[in-house]
Amino acid sequence: MKKYLIHTYGCQMNVHESEKIAGILESKGYTETSDEKEADVIMFNTCCIRETAESKIMGHIGETKRLKARKPSLIVGVCGCMSQQKEVAEKLKKRYPFLDVIIGTSNLSELGEMIDRANVGKHCYEIGDRFCVDENVPVFRTSGTNAWVNIIYGCNNFCTYCIVPYVRGRERSRSKDVILSEVKQLVAEGYKEITLLGQNVDSYGKDLDKPCTFAELLYAIAEIDGKFRLRFVSSHPKDMSDECIAAIAASPKICNNIHLPVQAGSNSVLARMNRKYTREQYLDLVDRIRAKIPDVGITSDIMVGFAGETEEDFLQTLDLVEKARFSSLFSFVYSRRKGTVGYSMENQIDRATKRDRITRLIACQNKITKEISDTYTGKVMEILVEDTNPKYAGDVYCGRTDCGRLVNFKYTENVVGSFADVKIKEHRSATLWGDVVKLK
Ligand code: 5AD
Ligand code: SF4
């Protein structure tokens, strides 16, 4: 039996795309292994959002040279966002001539044929330039209680720091009927959580022949029978509608958890980033969400050190973080990406200033996370048990609350996939700890 191993880097979109790579390989009779030495195919599903990701991946790909030397029949392939950039694909080809397959995000559906060709000794280097919606790729799901469902691919926004529109193409929505039948099927198979994926979910449906808003899609999915949770990532603050907020508020199945990347708190930085909203509009949106969904958990992404960011601008970001009170925050140091408008902007920020700002930003959010955690102590919250917590040996399970906070608890039986009411007793950093009061 031939075996495959997939290395996945980057966001949830890539995690789900690796399930498609697995689907293609499984349909060819391969089975999964976690042992590189045993693998007949090793695929790197790559990310290029920041330079650090790219250089780490480059190093990891290089390490497979010795595996290939030991086992010449091994097929090593690279796909995903990094190789979708034609000049990076060229670099990969030159630096690592032992690679058998190099494809991009646009021609993932051709992977099966490429593996066949590689198996008869042919190198397959091909980066497509037509992005479409392919409904014929099999999916081999690996994420336990949660099932990822793409609703829209690509992005039309061209934020000036971001490489995504260049490696994922323009927005393409899947049809509402296809999404609904996929979710129905997943719920029937027993998945307890459905997470809708898109670079910008609020743009859903605008490009369809039969237009449909994201809120309409949410309402339709929430009507599907069965107990399951519905989540989605990511929303764009300029596009999140009151209709969508109302849908979340009205439906118990839609989690009260919104990932709403703000990126910066200064209007001049936001304008240079081409985000198309101001800090005031963002904070007003947060207020409108909280007015309709009082227990909502809002999470966000922020970048420090974008071109031209002054100390004054950065203080505006800290001030926004204080006001918005995110339940958690993903903070990044800006990384210049070739091909984006931001790459050639003046006044790039030095590394030490970026480090200093990210440290202060993380400290600011940590204080807020702790204050929010304090308010949970003693409360009973429903969680979906997702897994054992790999950080602890044995009987520690973890799951998330409706609003997205991670909860650990001890239990003697395997309760993965169950809903449980847990009484929160303490918190350590961002993680809550509790005791099960009722298993559902
Ligand atoms: N440098 C650093 N962070 C970036 N992100 C996107 N592009 C860059 C970049 N060039 C961050 C944004 C985005 C998240 C997925 O990654 O915050 O929301
Ligand atoms: Fe990148 Fe902006 Fe599109 Fe998000 S909305 S993928 S940050 S260009």
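We number each residue from 1, following the sequence as shown. Read the numbers this way: they start at 1 and go in the same order the structure lists the ligands and their atoms.
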Proximal atoms of ligand 1 relative to Gln263 (non-hydrogen, under 4.0 Å): 12 (C), 13 (C), 17 (O), 18 (O)
Looking only at protein heavy atoms, identify the closest one to atom 2 (Fe) of ligand 2 and say how far it is in Å. Cys159 SG, 2.3 Å
What is the nearest protein non-hydrogen atom to atom 3 (Fe) of ligand 2, stated with its residue, atom name and distance? Cys155 SG, 2.2 Å
Both conditions, 6.0 Å and 45 degrees, for the charged tip of Arg428 above the ring of Trp433: are they met here? yes
Measure from atom 2 (Fe) of ligand 2 to each N, O or S atom of Cys162 and report whether any distance is below 2.8 Å. no
Both conditions, 6.0 Å and 45 degrees, for the charged tip of Lys65 above the ring of Tyr96: are they met here? no
Tell me: protein heavy atom nearest atom 7 (N) of ligand 1, and distance? Tyr161 CD1, 3.3 Å
Name the closest protein heavy atom to atom 7 (S) of ligand 2, giving the residue it belongs to and the distance to 0.1 Å. Tyr161 OH, 3.2 Å
Closer than 4.0 Å to some heavy atom of Arg50 - which atoms of ligand 1 meet that? 1 (N), 2 (C), 3 (N), 4 (C), 5 (N), 11 (C), 16 (O)
Hey, could you give me the CD1/NZ distance between Ile42 and Lys68, rounded to the nearest 0.5 Å? 9.5 Å
As a test of understanding, state which of Arg405, His427, Glu426 forms a side chain to side chain contact (heavy atoms under 4.5 Å, CB included) with Tyr376. Arg405
Mind checking the CD-CG spacing from Gln365 to Leu329? Nearest 0.5 Å is all I need. 5.0 Å
Which atoms of ligand 2 are found less than 4.0 Å from any heavy atom of His236? 5 (S)
Taken to the nearest 0.5 Å, the spacing of Met114 CE from Ile75 CD1 works out to 12.5 Å
Can a salt bridge be assigned to the pair Arg279 and Asp319 using a cut-off of 4.0 Å between side-chain N and carboxylate O? yes
Would you say the ring centroid of His259 lies under 6.0 angstrom from that of Phe232? no
Does the side chain of Glu243 come within less than 4.5 Å of Thr213's, by heavy atoms? yes
Relative to atom 13 (C) of ligand 1, which among Thr340, Asp301, Val304, Thr160 owns the nearest non-hydrogen atom? Asp301
Please say whether the positively charged group of Arg50, taken as NZ for Lys or CZ for Arg, lies over the ring of Phe332, i.e. under 6.0 angstrom from the six-membered ring centre and within 45 degrees of the axis. yes
Can you tell me which residue and heavy atom of the protein come closest to atom 5 (S) of ligand 2, and the distance to 0.1 Å? Asn157 ND2, 3.4 Å
Find all atoms of ligand 2 within a distance of less than 4.0 Å from any non-hydrogen atom belonging to Pro165, and give their numbers and elements. 8 (S)
heavy-atom search around atom 8 (C) of ligand 1 in the protein gives Ile49 O, 3.8 Å
Can you find a non-hydrogen atom of Arg168 under 4.0 Å from ligand 2? no
Polar side chain donor-acceptor pair, Asn267 to Glu280, under 3.5 angstrom: yes
Taking atom types as modelled, is there a side-chain donor on Lys20 or Asn150 under 3.5 Å from an acceptor on the other? yes
Can you list the atoms of ligand 2 that are under 4.0 Å from a heavy atom of Gln199? 6 (S)
Check each atom of ligand 1 against the heavy atoms of Val333 and keep those under 4.0 Å away; list them by number with element. 1 (N), 2 (C)
Quick one: nearest non-hydrogen protein atom to atom 10 (N) of ligand 1, plus distance? Ser335 O, 2.8 Å
Relative to ligand 2, is Arg275 under 4.0 angstrom through side chain, backbone, both or neither, heavy atoms considered? side chain
Any heavy atom of Val164 sitting closer than 4.0 Å to ligand 1? no
Ignoring angles and geometry beyond distance, decide whether Arg337 reaches within less than 3.5 Å of ligand 1 through its nitrogen or oxygen atoms. no
